[in-house]
Amino acid sequence: MFEIIRRDGLARIGKFTTRAGVLETPALLPVVNPKIFTVTPRELHEEFGFEALITNSYIIRSSEDLRKRAQSEGLRTLLDFPGIVMTDSGTFQSHMYGEVEVTNEEIIEFQKSIGSDIGTVLDIFTEPFWTKSETAASIDVTLERTEYAASVKDEMMIAGVVQGSVYPDLREMCARRMRSMDIDVHPIGGVVPLMEQYRYEELVDVIISSKKGLSPDRPVHLFGAGHPMILSLAVLLGCDMFDSASYAKFARDDRIMFIDGTYRLEDMLSLDCKCPACIGHTLETLKALSKDERTRTIARHNLYEITKELALIRRYILEGRLWELAEQRCRAHPELLGALRKLGEHGEFLERHEPLSRDGAMFYTGTETRNRPVFRRYRERLKERYIPFTRKAALFPEAGRPYGRHYAEDFRRVRSSGFTPVVLSPFGPVPAELDEIYPLAQSLFPGITDAETDACVKDAVSLIREKGYEEIIDMNSVTDGNEIFDPLLERALAVARYQFGAEAAAAMFSGRMEFVTSRNTGKIRNVISNGEHILSMRAGDGLFSLRIEGAERMIASVPGEHMRVVVSDDAIPFVSEGRNVFCAFVKECDPEIRPMEEVLAVNGNGKLLAVGRAMLVRDEMLSFKKGIAVKVRDGVGKV
Ligand code: GUN
Ligand code: ZN
């Protein structure tokens with residue numbers, strides 16, 4: 001059972017419940033070689049706090065001594081590890097050495113017999129150099145073996161590996177065909193060669209295509225990924241679990257992992273690490289240790305480097321800033337930078353999972369920031385949902401945000417002459433009415449612009465032309481006029497259209513409109529229509545919270561699924577009284593809903609029960625068995 005606690009786009013903090021305990025994700029499982037403990041499993045648990053590890057059932061089975069002990073004592077006793085034990089199947093050995101002498105049936109049965117908590121199918125490792133037909137044929141075998149494993153698993157959880165080499169359509173197909181199987185976790189396999197060869201751009205395609213096919217209620221494990229420098233990007237793309245053998249393998253070769261790469265001890269000029277393993281050491285004292293002591297010290301350092309990065313990733317997810325961490329990390333290596341750029345090719349999928357807004361400002365850290373889904377979303381909604389209030393536009397250069405504060409007097413003058421003020425911003429054209437919404441006002445760009453930003457600003461002029469203005473001129477060419485206009489009404493209506501669509505906004509903005517503003521800032525607080533409070537504007541992101549009265553108007557005039565989450569009958573009394581909607585009680589949902597978007601909880605007949613914010617997208621709401629789908633703000637009361 002897997003539950004999402006917090007999310008930031010595709011990244012998630014989750015709880016994976018197993019019979020041996022709960023694993024908090026994102027998590028890394030250190031690989032333990034059952035023949036040599038570089039760091040003992042007990043130390044991994046007690047000193048480093050690892051709740052789960054992974055070991056190899058094929059290696060155990062191949063050694064008579066280990067096999068007998070594992071079968072009589074069980075893995076947990078054999079390893080002396082009190083946490084969750086996952087086992088791999090021998091697939092990696094077949095990738096390394098050719099054949100393995102075991103069948104899928106045998107290795108599944110063996111993993112069960114030694115008390116593995118999560119056993120792995122004997123999947124076929126799809127090499128990056130394989131042809132498409134070769135890959136497709138082997139996936140059929142992997143799927144058959146996976147289906148079999150799931151059917152005989154009993155108390156053991158099953159890891160069903162997604163294969164497909166570098167073919168995105170095969171990856172997605174393989175992942176999709178496992179949806180109907182009773183599988184508990186999905187490793188993405190066959191990626192070790194890509195990582196060894198720094199082919200991170202292809203890795204991005206592999207992860208995203210696998211994610212597209214997989215059921216979102218199962219954790220995703222990136223098989224063989226254990227270098228701290230790749231973790232933030234992989235988590236950003238929705239990977240929940242990792243494993244690392246390299247902490248020990250590298251240590252045996254005197255190679256030290258740092259967040260920006262791996263360094264050979266002999267090439268290093270100083271040791272500037274203060275982790276518990278390195279503290280007290282200089283480069284010289286570390287080099288002077290015996291081979292075994294040195295290996296152990298470096299392995300422990302490597303583990304500290306990994307756990308430190310995972311803790312940081314977790315904090316950035318909680319803060320809603322994981323994109324920024326990934327952008328920093330991906331500057332450590334040109335191929336990682338390529339991977340970051342590759343995200344630009346997956347804009348649609350990323351945007352679907354991107355929250356409507358986040359706490360705190362968006363930092364522009366370079367041209368790759370343009371791949372962030374907020375850029376795409378703003379331009380799309382501007383195109384589809386923004387309706388000009390005038391026939392003419394006056395163009396303003398980028399300035400301090402929000403623009404309406406910086407240009408207060410100029411905006412008034414221009415608008416009074418029948419021109420809409422439009423700022424040529426790094427996001428594209430920003431009409432005055434939208435200048436306070438996320439991320440337009442909540443973002444920071446460097447004062448010195450780059451070529452891509454300059455091009456975007458130039459392009460903003462052509463985007464604003466598409467809006468059908470009769471005249472577009474420079475702000476300085478506009479003199480004062482005497483047109484009467486209501487800036488509060490125009491702002492509120494433009495934001496409502498941006499957030500809910502034009503039809504829903506029209507339904508809400510009818511009759512006599514009043515606006516309650518903040519005495520301190522003059523910003524809109526509440527929107528009142530015919531005496532009914534329909535919307536409240538949030539100071540943080542400049543977007544609306546929907547009130548029951550506003551939602552009722554939307555229901556009455558916009559038919560269909562628009563912004564609706566349909567709740568099953570058993571939950572109706574709870575939801576209508578203001579309790580949250582849990583995933584288990586979601587019957588249907590508008591596929592266009594984004595995380596953190598305002599939604600209407602309705603019954604099967606479309607009658608309003610409550611208003612709140614969506615925590616998940618449709619596919620997630622429908623597949624998760626646990627967790628909150630809609631955080632309800634207000635219910636309609638007893639029904
Ligand atoms: N370890 C690293 N890659 C793989 C893989 O593709 N399959 C399995 N079972 N184990 C792995
Ligand atoms: Zn260290």
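Each ligand, and each atom within it, is numbered from 1 in the order the structure gives.
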J.: In terms of the angle between their ring planes, are Tyr198 and Tyr200 parallel, tilted or perpendicular, with boundaries placed at 30° and 60°?
T.: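 Plane angle over 60°, so perpendicular.
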J.: Counting from 1, what ligand 1 atoms have a heavy atom of Gly189 closer than 4.0 Å?
T.: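 Near Gly189, the atoms of ligand 1 are 5 (C), 6 (O).
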J.: By atom name, which N, O or S atom of His301 is the nearest to the Zn ion (ligand 2)?
T.: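 This turns out to be ND1.
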J.: Enter the distance from Met195:CE to Glu335:CD here, rounded to the nearest 0.5 Å.
T.: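 One gets 14.5 Å once the value is rounded to the nearest 0.5 Å.
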J.: Under 4.0 Å from a heavy atom of Thr91: which atoms of ligand 1 are those, numbered in the order shown and with their elements?
T.: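 Close to Thr91: 7 (N), 8 (C), 9 (N).
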J.: Quick one: look up the protein heavy atom nearest atom 6 (O) of ligand 1 and list residue, atom name and how far away it is.
T.: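 So the nearest neighbour among protein heavy atoms is Gly190 N, 2.8 Å.
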J.: Counting the benzene-type ring for Trp, do Tyr304 and His301 have ring centres under 6.0 Å apart?
T.: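 No; His301 has its ring centre 6.0 Å or more from that of Tyr304.
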J.: To the nearest 10°, how many degrees is the angle Cys273 SG to the Zn ion (ligand 2) to Cys278 SG?
T.: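 SG of Cys273 and SG of Cys278 make an angle of 120° at the Zn ion (ligand 2), to the nearest 10°.
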J.: Which residue is it: Arg252, Arg300, Arg296? I am looking for the one with a side-chain hydrogen bond (donor to acceptor under 3.5 Å, both in side chains) to Thr38.
T.: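 Looking at Arg252, Arg300, Arg296, the match for Thr38 under the side-chain hydrogen bond (donor to acceptor under 3.5 Å, both in side chains) is Arg252.
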J.: For the residue pair His221 / Asp243, report whether a side-chain donor-acceptor contact shorter than 3.5 Å exists.
T.: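 Yes - a donor-acceptor pair under 3.5 Å links their side chains.
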J.: Contact between Gln163 and ligand 1, counting heavy atoms under 4.0 Å?
T.: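 The answer is yes, since Gln163 has a heavy atom less than 4.0 Å from ligand 1.
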J.: Regarding ligand 1, does Thr120 bring an N or O atom to under 3.5 Å of one of the ligand's N or O atoms?
T.: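 By distance alone, the answer is no.
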J.: To which protein heavy atom is atom 10 (N) of ligand 1 closest, and what is the distance rounded to 0.1 Å?
T.: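 In this structure, atom 10 (N) of ligand 1 has Asp88 OD2, 2.6 Å as its nearest protein heavy atom.
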J.: Counting distance only, does the side-chain N/O of Arg331 pair as donor-acceptor with the main-chain N or O of Glu327 below 3.5 Å?
T.: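 Pair found, side chain donor or acceptor close to backbone of Glu327.
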J.: Please compare Leu122, Val161, Asp123, Val191 and report which has the shortest non-hydrogen distance to atom 7 (N) of ligand 1.
T.: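 Minimum heavy-atom distance to atom 7 (N) of ligand 1 goes to Asp123.
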J.: Out of Phe125, Phe223, Phe92, Tyr58, whose heavy atom sits nearest atom 8 (C) of ligand 1?
T.: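 Of the listed residues, Phe223 has the closest heavy atom.
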J.: Would you call Asp254-Arg294 a salt bridge at under 4.0 Å N-O?
T.: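 Salt bridge present between Asp254 and Arg294.
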J.: Below a 4.0 angstrom heavy-atom separation, can you tell me which part of Ser89, side chain or backbone, both or neither, approaches ligand 1?
T.: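 Looking at Ser89 and ligand 1, just side chain atoms fall under 4.0 Å.
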J.: Ion pair present between Lys132 and Asp169, side-chain N to carboxylate O less than 4.0 angstrom?
T.: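 Salt bridge: yes.
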